[in-house]
Structure formats: structure tokens, C-alpha cells
Amino acid sequence: MIGRSEEYEKMYQLEGKLWWYRSLHERVAEALQAHFGDRRDMSILDVGCGTGGLMAFLRDRGYTNLRGIDGSTDAVAACRERGLTVSLVDLNELAETGEKYDAVVCNDVFCYFLGDRLPALMRKLATRLLPAGILISNNNAFEVFKGQHDLAVGIARRFTRADFERLLPGTGLRIERSTYWSFLLSPVILLMRQWQNLELRLGWQSPESPKSDVYLPSPWLNETLYRVVHTEQKLLPRLPFGSSLFIVFCPV
């Protein structure tokens with residue numbers, strides 16, 4: 001998404017409000033809670049931190065040792081407006097060694113890495129984990145959900161759990177647990193994405209100016225969508241299908 005200033009501006013404005021971001025941030029916090037208990041002093045690195053919404057969310061919940069890196073000057077500037085400690089780092093050039101962390105978060109970043117670049121990035125992230133640490137990663141799932149949003153933010157690939165199982169050998173990581181999510185909303189999301197694709201095929205929308213899904217619906221709809229996903233997360237913690245794939249990795 002680097003270079004898409006308008007998308008970073010939308011992200012910055014909506015991360016604390018939009019149902020999808022709220023759900024994802026809570027999911028990350030629950031993964032941290034499950035692994036570290038009530039600790040709030042563990043070191044956390046947010047890789048590809050975007051405009052810092054997750055870091056701000058965790059800071060508001062008492063986490064005190066947060067650092068982020070991102071390859072976008074727009075993202076880093078937004079994070080610094082929030083008072084967050086973030087560095088400008090091209091993830092393609094992330095060092096093989098460096099400071100180690102209790103937790104590394106890398107949400108919706110792997111989709112930009114093709115070929116051997118993704119296993120290489122995962123190996124580098126593994127080297128940044130302490131022995132009892134975890135890598136948390138949310139990812140775009142299933143090609144069937146591909147639509148204008150992918151074009152708007154530059155998504156190059158979508159994943160299944162099987163894709164990561166094939167990538168893991170040699171990375172120093174293993175999957176501790178995973179789930180797809182937005183299962184209950186999948187029919188709606190799928191219908192919306194298929195409609196977007198139809199608009200592109202019919203020429204009603206231009207592939208040169210695609211629109212992302214990052215916009216705030218009416219308050220009642222936004223809250224309803226959030227409640228649906230929140231309930232799903234509480235009652236159905238492991239799901240076989242959804243538009244996103246949430247994974248917690250551990251060092252081998």
C-alpha cells in the first residue's frame with residue numbers, strides 16, 4: 001500500500017471506529033492475553049504498523065513497551081502524530097538480526113510479498129522473537145474474496161492455512177493456532193466483492209481508480225457489524241472459512 005497516501009489518511013481517521021479494525025485489534029489483544037496473561041510490560045514490535053491504530057489501542061489498554069516499523073513515510077508521520085515510537089524501515093531490507101521481542105505483530109503485510117520474499121521475511125521475523133515469544137499475523141484469505149479493495153490497496157495475494165504450512169519449513173516458525181474470521185459475514189462480503197468484480201468487467205468502475213472497503217458505514221450498521229463479529233469471536237473461536245486468516249506462530 002506504500003505510495004497510496006489517500007488510503008493511509010482513511011486508515012488514520014477510521015482505525016478507532018470502523019468495525020473491522022476494532023475487531024482485529026481486540027483479536028490481537030486476546031492473543032497477547034492468552035499467551036502472556038495479565039502482563040503489560042512485554043516488548044511488542046508492530047511490523048508494518050500502518051498509521052498506528054493497533055499500537056494506540058494497546059497503549060490505551062496499559063501496554064507500555066511498544067515499538068513499530070513501517071516502510072511508508074505517510075504511515076510513520078501518522079504514528080508520530082499519535083505519539084508512538086515508530087521507525088521508517090523498508091521491510092525488504094529488514095536486518096537479519098536485531099533487538100528481540102516478546103511479541104511481533106505483522107498484520108495484513110504478507111500479502112505484499114511474492115515468491116521467496118515472504119519466507120525470507122518470516123525468517124527475519126522469527127529471529128526477532130525471544131524463545132518464548134509469539135508472532136501474530138492477520139492475513140487476507142481465499143481468492144474468492146478478491147475485489148476492488150485488493151486493487152485499491154495493492155494486495156498481491158490471499159492465503160489459506162495450507163499456504164502457510166507449505167511456507168513454514170526453514171523459517172524457524174510453527175503455527176500454534178489459527179482461525180478464519182468474519183465467517184458469519186462471509187456471504188455479505190462475498191456478494192459485495194463479486195458485485196465489485198462485475199462492475200469492473202462491465203466497465204462501470206475503472207481498474208485505474210478502484211475503491212477500497214475502508215469507509216465508515218452508518219453508526220447503526222457499523223455497530224451491528226462489530227457486534228456480529230464480536231459474538232462470532234466469543235462463541236466460535238475456530239472457524240473453517242472467512243475473509244481473513246488470523247494466525248499465532250511460535251519459534252520452532
Just checking, any donor-acceptor pair under 3.5 angstrom between side chains of [X] and [Y]?
X: Asn222; Y: Thr224; result: no
X: Asp102; Y: Ser43; result: yes
X: Asn92; Y: Arg117; result: yes
X: Thr179; Y: Trp181; result: no

- Item | Any residue meeting side chain to side chain contact (heavy atoms under 4.5 Å, CB included) with Glu165, in chain and number order, not counting sequence neighbours |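 Result, side chain to side chain contact (heavy atoms under 4.5 Å, CB included) vs Glu165: Arg161, Ala162, Ile175.
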- Task: With sequence neighbours excluded, tell me which residues meet side-chain hydrogen bond (donor to acceptor under 3.5 Å, both in side chains) with Asp116.
- Result: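 side-chain hydrogen bond (donor to acceptor under 3.5 Å, both in side chains) check on Asp116 returns nothing, list empty.
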Provide the closest heavy-atom pair for [X] versus [Y] in the form atom of the first, atom of the second, distance.
X: Leu14; Y: Tyr21; answer: O-CD1, 4.1 Å
X: Ile189; Y: Ser243; answer: CD1-OG, 3.6 Å
X: Cys79; Y: Val86; answer: CB-CG2, 3.5 Å
X: Arg59; Y: Arg82; answer: NH1-O, 2.9 Å

- With a cut-off of 6.0 Å (strictly less than), are more than 12 heavy atoms of other residues, nucleotides or ligands near NZ of Lys100?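 Above 12, so yes.
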- Side-chain donor/acceptor of Glu143 to backbone N/O of Arg158, under 3.5 Å: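 Yes: the side chain of Glu143 pairs with the backbone of Arg158.
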- Do the two ring centres, one from Phe241 and one from Phe145, sit under 6.0 Å apart?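 Under 6.0 Å, so yes.
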- Query: Is the distance between the ring centroids of Tyr180 and Phe142 less than 6.0 Å?
  - Reply: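 Between Phe142 and Tyr180, which both carry aromatic rings, the centre distance is below 6.0 Å.
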- Query: Do Arg128's NZ or CZ and the ring of Tyr101 fall within the cation-pi criteria of under 6.0 Å and 45°?
  - Reply: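 Verdict for Tyr101: no cation-pi partner in Arg128.
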